[in-house]
Amino acid sequence: MKKVITSITVCSLAVCALASCGSSAKSGEKIIGKWAMSDLSNTDQSVDGGGIIFTEGGKGSVYLDTSSLLHFESEGLNVGGTVLAKDYIKEEGKTLKVDVMGQEMIGLTKLESGEGYDGKYSLDSGILYDSIVQGIEKQGDSSFDKSNLDITIDFDGSKSEVVFNDLFTYETKGKKLTVSGFSGFLSGGNGKEATAEFKVDGDTLELKDSKSTEKLTRVK
């Protein structure tokens, strides 16, 4: 089970990997949408991709394609190549928990139903949740309150996507992006607020903070 425990912490590492990117911005129409980072998959073999989502309400989310790390199969839950049999999966109403040798690995609440175990879930507890919280606390500041953390996982066949919903707020003014709330993934911030320059060229978003420049591609 050591392999499973190790694999399931990858999400928190992937969140920390976003520390090298600029990201964010309020109601800049061109920047609204879902943007994929071109090289995020290279940070760890278990993460297939990911990026940033800017919404019209001036809030931003981070998403990760975790298909190789987590997905349901007919035999059970595939975690980093290791399949946990259905005996480890406990369902009660809308609650689904995966327990291995007395350790709760994942605690989920179903939000939208799919075929079998597939669907959209809220991640509420377990080793995966705890590792993510630790990763975000490391990148954030003392004002971070995990009670406000909203993490969902969408399972669809051999695919899964983790979304850190409304992780930050953003606004744009000219070419300047200002990120508030969780700004630990931007360089040069003070822990509560950070800035970067942005440029949208067709389906390419360029973000430049004090240390690096990243190019993201619009997801259609």
Side-chain angles (χ1 to χ4, degrees), residues 10-11 13-71 111-112 114 118 120 123 132 135-136 139 149-189 193-220:
V10 169
C11 282
L13 299 179
V15 171
C16 292
L18 289 170
S20 65
C21 86
S23 82
S24 320
K26 190 169 181 176
S27 296
E29 291 184 3
K30 292 184 178 180
I31 204 172
I32 291 173
K34 186 175 183 179
W35 300 88
M37 296 180 65
S38 60
D39 60 351
L40 184 58
S41 60
N42 296 330
T43 61
D44 193 284
Q45 293 180 350
S46 295
V47 179
D48 301 308
I52 303 164
I53 303 170
F54 297 101
T55 64
E56 294 183 4
K59 293 186 177 181
S61 305
V62 170
Y63 78 93
L64 296 171
D65 182 347
T66 53
S67 301
S68 297
L69 175 65
L70 287 172
H71 63 268
L111 304 175
E112 299 175 10
D118 282 348
K120 185 176 182 179
L123 176 63
I132 287 173
I136 294 180
Q139 291 296 318
L149 192 58
D150 179 8
I151 307 172
T152 54
I153 307 180
D154 196 345
F155 293 98
D156 184 10
S158 61
K159 298 182 180 299
S160 70
E161 183 176 273
V162 175
V163 180
F164 303 87
N165 299 282
D166 298 342
L167 192 59
F168 57 89
T169 59
Y170 71 93
E171 60 181 13
T172 61
K173 186 176 182 180
K175 295 181 179 181
K176 181 181 178 182
L177 286 72
T178 301
V179 187
S180 303
F182 181 79
S183 60
F185 50 86
L186 271 179
S187 301
E193 184 176 284
T195 62
E197 292 183 3
F198 80 99
K199 181 174 69 175
V200 177
D201 183 7
D203 291 328
T204 301
L205 170 63
E206 183 177 278
L207 298 170
K208 183 179 181 180
D209 62 21
S210 62
K211 292 185 178 180
S212 63
T213 299
E214 299 287 341
K215 290 187 176 181
L216 296 85
T217 303
R218 189 185 298 275
V219 179
K220 298 181 178 180

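Scope of the values below: all heavy atoms of this structure, side chains included, with no hydrogens, waters or symmetry mates. Please read all numbers here as calculations on a predicted model, not as lab measurements.
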- Item | Donor-acceptor contact present, side-chain Thr204 to main-chain Thr217, <3.5 Å | no
- Task: Please list all pairs passing the side-chain hydrogen bond (donor to acceptor under 3.5 Å, both in side chains) test where one or both residues lie in residues 150-159, with sequence neighbours left out.
- Result: Thr152-Asn165
- Contact summary for Leu216 and Met37, nearest pair of heavy atoms: CD2-CG, 3.6 Å
- Arg218 and Ile32 have their tightest heavy-atom pair at NH1-O, 3.1 Å
- Option from Leu123, Leu64, Ile53 for which side-chain contact (heavy atoms from CB on, under 4.5 Å) with Phe164 holds: Leu64
- Looking only at heavy atoms, the pair that brings Ile31 and Phe198 closest together is CD1-CD1, 4.1 Å
- Message: Is the shortest side-chain heavy-atom distance between Lys173 and Thr178 below 4.5 Å?
- Response: no
- Message: Please give me the minimum heavy-atom distance between Ile52 and Tyr63, naming the atom from each residue.
- Response: N-CE2, 3.7 Å
- If you measure from CD on Glu197 to CG on Asp209, what distance do you get to the nearest 0.5 Å? 10.0 Å
- Query: Counting only N and O atoms by type, is there a donor-acceptor contact under 3.5 Å from the side chain of Asp118 to the main-chain atoms of Gly157?
  - Reply: yes
- Separation of Lys120 NZ from Ile153 CD1 (nearest 0.5 Å): 11.5 Å
- Query: Considering residues, nucleotides and ligands other than Lys34, do more than 12 of their heavy atoms fall under 6.0 Å from its NZ?
  - Reply: yes
- Message: Quick check: do Lys30 and Thr172 have side-chain heavy atoms less than 4.5 Å from each other?
- Response: no
- Task: Please name the pair of heavy atoms, one in Val163 and one in Ser61, separated by the smallest distance, quoted to 0.1 Å.
- Result: CG1-CB, 4.1 Å
- Between Glu161 and Thr66, what is the shortest heavy-atom contact and its length? N-OG1, 4.0 Å
